Amino acid sequence: MPGGFQFSRKPANRATMLQTQTLYSEFSGYLAAALDALEAAGTLPGGLNRGAITVEPPRDASHGDLSTNAAMVLAKPAGTNPRVLAEALVAELAKLPAVTEASIAGPGFINLRLSDATWIAELRAIAALADAYGRSNMGGGSTVNVEYVSANPTGPMHMGHCRGAVVGDALATLLEWSGHKVIREYYVNDAGGQVDVLARSVHMRYREALGEDVGEVPEGLYPGDYLVPVAQELAAEFGDKYVAAPEGDWLILFRTRAVAAMLVMIKEDLALLGISHDLFSSEAELQAAGKPEQAEAWLRAHDLVYDGILEAPKGKTIEDWEPVALPLFRSTKFGDDQDRPIKKSDGKWTYFGADLAYHFQKAESADALVDIWGADHAGTVKRIRAAVAALTEGAGKQIPFEVKLVQMVQLLRNGEPVKMSKRSGNFVTLADVVREVGKDVVRFTMLTRKPEAQMDFDFAKVVEASKDNPVFYVQYAHARIRSTLRKGEGEGIVPADAALDRLGEEELALVKLAAQFPRLVEAAAAAREPHRVAFFLYDLAAALHSYWNLGNDKPEKRFIVAQDQALSGARLYLAAQIGQLIRNGLAILGVEAVEEM
RNA sequence: GCGCCCGUAGCUCAGCCGGAUAGAGCACCAGAUUCCUAAUCUGGGGGCCAUGGGUUCGAAUCCCGUCGGGCGCACCA
């Protein structure tokens, strides 16, 4: 029944319902109805797969406001040609009140032009939804656990951790905007050999604090003087009790105190970047609770773990290689080139052995898992994914698990690579960089390229050329808007929706761009790619700046037009909504929207 | 040798589950400020989308090969 669906848009409802619908999904609905109508009329056979049909803005705005490939996609299975089908569809779509023009272009695209009223309604929707414009319920309230940073608790954060931290944090916010509950989790590797090294390093500093001349820091210990305060505390509390004591007497105490101190430091560093995790999960506690044993038992029962001989690694010649019997996970079944041990020959868990249990633990309280890892861990993705898939499936709840690999950041100073090594104490700390260039610059820079591409971060360049940083371009657009609104207020002109119909082509072009935001947020969340939001903001800022400069030559194109309070009110209303949108986008990225610059 | 990632303008990078003449910044050239902030804008030159096949009505995008770069490949973490 072709007349049985409502064509008119109801922006007020969209606003109040805070639903996931965008202008584009709304038109997908209209298109589906139009196709139904063609089926009912016998023009189109029933039962065609409509999965490949898209409704999106055309690349080139001169083609119109909306474009669909429906005729091209359906023509072949329908046994007709795209133009014929397109003509029938255009006839249906042209009936929509919101459509002012429907045309066929190229190989069979259908382009629609929408009425000004449609865009003005969208502008009102932004105002009504305000800081919620762009939010959706795409995720349906499901819980996603995003694990990121998880740097070893052996020292302050350095720049090597920065990219993953920012990308993970922005992704977490993005998922929240898309209707997910998000758990931001940090896995604390407080059970491996590196924290014993940390404890020994603190012990050395402890002896130093009690007056001993320790001289050069021995090879193999962490040399950083950030260990001094915790050592001093231990010295003050315990005196010389552990100076000559055997390691067994103090190792656990020193390790516990040191890890706690390092975590305090790491949290402070993360706070500088505006990052705060919901949950810090301890590997030591995981092991103490017997989780790895449980996982092992299940995997053994399903023949995924067996006692076998660890082969020599491929592609490397190791001189004194001796085969050794260990419990192995059958990762070769999942594309790995050899089976991997879950325990060491001393009976302790390998990182992998504990990690699979850790992921199983996370899966108990989430519907999906996302890990943000550095690219140097790419080799372990297959085995952990296989193990998690097996474990969660075995528990009767298959939990999707994705690993987002973040490529290395090559740190440069004036074009020269900066070598970093925590062992040597020679590294650029995150805190130093943030203090030097600012949180917003660091975050935005890390988010203006896709994470799987390598990037250079030239320290000097970022500092000195920070004025050219895109983040200021976006912030400036916001500051301009705020400044204009302040100026208007001073003249007694405030944003008003009474005369929105006086907005012209240039103004509505801004609205059209803005209207893509909800769709973009959904797509970015689905692809787990927060950088798309950064690029959108850049485009939006460019459009704003461009419009602004129209007013240079044509005073009648300024936001505030003398002697025309109604028009000025409408323009300020537009400006206010664009400002709102910039704030929303920046909020996803964790970057401040400034009032003035 | 194997696995993963990348290859788009001189440089740094976008390109939205394949879509119409491939986009932006920097740099270069030529312009715009009596004005709500010029940290801005307008215009110009510049590309065999590494390369060879394949799939498709249609490929920078998907698949395979080759070349080039990065990362990883012990019971480390």
Side-chain angles (χ1 to χ4, degrees), chain A residues 51-52 54 56-60 63 67 69 72-73 75-76 81-82 105-109 111 150 152 154 189 192-195 310-316 318 321 324 326 335-338 340-346 348-353 355 374-382 405 407-408 410 448-456 461 465-470 472-473 475-477 479-481 483-488 490-491 516 519-520 523-524 526-527 529 531-532 534-536 538-539 541-542 544-553 555 558-560 572 575 596-597:
Chain A
T54 58
E56 51 193 12
R59 285 263 164 92
D60 185 339
H63 289 135
S67 172
N69 61 356
M72 289 184 291
V73 170
K76 200 174 181 184
N81 80 61
F109 286 102
N111 293 323
S150 300
N152 283 333
T154 55
N189 300 128
Q194 79 285 353
V195 282
L310 184 64
E311 295 167 32
K314 307 271 197 298
K316 269 194 174 179
I318 292 165
W321 178 260
V324 55
L326 289 172
D336 210 344
D337 55 0
Q338 58 183 238
R340 305 289 173 171
I342 60 168
K343 274 184 180 173
K344 308 185 228 177
S345 44
D346 66 1
K348 290 182 179 165
W349 297 99
T350 61
Y351 183 85
F352 173 58
D355 203 29
D376 51 343
H377 292 90
T380 66
V381 171
K382 275 185 180 168
L405 289 177
Q407 288 293 324
M408 301 285 101
Q410 163 98 311
T448 40
R449 59 211 64 209
K450 53 177 186 251
E452 63 269 26
Q454 296 150 225
M455 76 181 279
D456 289 347
K461 220 167 174 178
S466 63
K467 281 176 83 172
D468 294 332
N469 195 296
F472 292 113
Y473 186 82
Q475 287 180 320
Y476 184 41
R480 273 186 153 172
I481 288 168
S483 151
T484 305
L485 291 171
R486 284 193 299 269
K487 162 106 177 166
E491 296 175 13
Q516 295 185 33
R519 179 176 174 272
L520 175 112
E529 291 185 347
H531 75 276
R532 291 188 196 181
F535 282 96
F536 174 80
Y538 189 88
D539 289 345
L544 188 278
H545 288 310
S546 183
Y547 178 77
W548 178 284
N549 277 273
L550 276 181
N552 276 341
D553 291 336
R558 293 180 192 167
F559 282 105
I560 299 167
L572 288 181
E596 57 188 339
M597 291 180 73

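By convention in this document, chain letters (A, B, ...) are assigned in the order of the sequence lines, proteins followed by strands, and residues within each chain are numbered from 1. This structure is a prediction, so every number in the text was calculated from the model and none was measured.
Proximity of a side-chain donor or acceptor of A/Thr350 to a complementary backbone N or O of A/Ile342 within less than 3.5 Å is detected.
Residue A/Arg449 places no side-chain N or O under 4.0 Å from the OP1 or OP2 atom of B/C6. Taking side-chain N and O atoms only, A/Lys450 has a distance below 4.0 Å to OP1 or OP2 of B/A14. Here A/His545 does not reach the OP1 or OP2 of B/G25: none of its side-chain N or O atoms lies under 4.0 Å away. Note on A/Trp349: every side-chain N or O is 4.0 Å or more away from OP1 and OP2 of B/C75. In terms of phosphate contacts, A/Arg532 brings no side-chain nitrogen or oxygen within less than 4.0 Å of OP1 or OP2 of B/C16. For A/Ser546, a side-chain nitrogen or oxygen approaches OP1 or OP2 of B/U42 to under 4.0 Å.
Nucleic acid contact for A/Asn189: sugar-phosphate only, since backbone atoms but no base atoms lie under 4.0 Å from a heavy atom of the residue. Residue-level contact check: A/Val381 touches neither bases nor backbone, having no heavy atom under 4.0 Å from any strand. Nucleic acid contact for A/Ala477: none, since no nucleic acid atom lies under 4.0 Å from a heavy atom of the residue. A/Phe109 comes within 4.0 angstrom of a base, heavy atoms only. In this structure, A/Lys487 reaches the sugar-phosphate backbone alone: every heavy-atom distance under 4.0 Å involves primed, P, OP1 or OP2 atoms, never a base. Among the protein residues, A/Asp336 comes within range of no part of the nucleic acid, since none of its heavy atoms lies under 4.0 Å from any strand. At the heavy-atom level, A/Arg486 lies nowhere under 4.0 Å from the strands shown. Looking at heavy-atom distances under 4.0 Å, A/Asn552 makes contact with a base. Using a 4.0 Å heavy-atom criterion, one finds that A/Ser67 contacts the bases of the nucleic acid, with or without backbone contacts as well. Among the heavy atoms of the strands lying under 4.0 Å from A/Ala105 is at least one base atom, whether or not backbone atoms are also near. Residue-level contact check: A/Glu491 touches neither bases nor backbone, having no heavy atom under 4.0 Å from any strand. A/Lys348 comes within 4.0 angstrom of nothing in the nucleic acid, heavy atoms only. The residue A/Tyr538 sits close only to the backbone: its heavy atoms come under 4.0 Å of sugar-phosphate atoms, none of a base. Base engagement by A/Pro58 is indicated by at least one non-hydrogen atom pair under 4.0 Å involving a base atom.
Taking the 5.5 Å centre cut-off and the 30° plane limit, the aromatic side chain of A/His377 is not classed as stacked on B/G72.
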What are the atom names and distances for every N/O pair under 3.5 Å that joins the protein to nucleotides 26-31 of chain B?
none

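Taking only distance into account, the side chain of A/Thr448 never meets the base of B/A14 through a donor-acceptor pair shorter than 3.5 Å. Between the side chain of A/Thr350 and the base of B/C75 there is no donor-acceptor pair of N/O atoms closer than 3.5 Å. With hydrogens and angles ignored, a donor-acceptor pair under 3.5 angstrom links the side chain of A/Gln454 to the base of B/G69. For B/A39, the base has no donor-acceptor partner in the side chain of A/Asn469 [N/O atoms by modelled type, under 3.5 angstrom].
If you measure from atom OH of A/Tyr351 to atom C1' of B/G72, you get 15 Å, rounded to the nearest angstrom. The interatomic distance linking A/Leu405 (CG) with B/C6 (P) rounds to 10 Å, in whole Å. In this entry the distance linking CG of A/Asn69 with P of B/C17 reads 13 Å, nearest Å. Atom CD1 in A/Ile560 sits roughly 10 Å away from atom P in B/C36 (whole-Å rounding).
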Given pairs defined as Watson-Crick or G-U wobble with both distances under 3.5 Å, what dot-bracket annotation applies to RNA chain B, with ( ) intrastrand, [ ] crossing, | other strand and . unpaired?
-> (((((((..((((.....[...)))).(((((.......))))).....(((((..]....))))))))))))....
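One C1' atom belongs to B/C63, the other to B/G72, and the distance between them is 25 Å to the nearest Å.
Of all nucleotides listed (B/C13, B/A77, B/C36), B/A77 comes nearest to the side chain of A/Asn152. Nearest nucleotide to the side chain of A/Ala523, out of B/C16, B/A77, B/G72: B/C16. Taking every side-chain heavy atom of A/Ala378 into account, B/C4 is the closest of B/C73, B/C4, B/C76.
Pairing each heavy atom of A/Lys382 with each of A/Asp336, the nearest pair is CD-N, 4.3 Å. Residues A/Ala527 and A/Arg532 share a closest heavy-atom pair of CB-NH2, 3.4 Å.
Between A/Trp548 and A/Phe559, the ring planes are tilted. Angles from 30° to 60° get that label.
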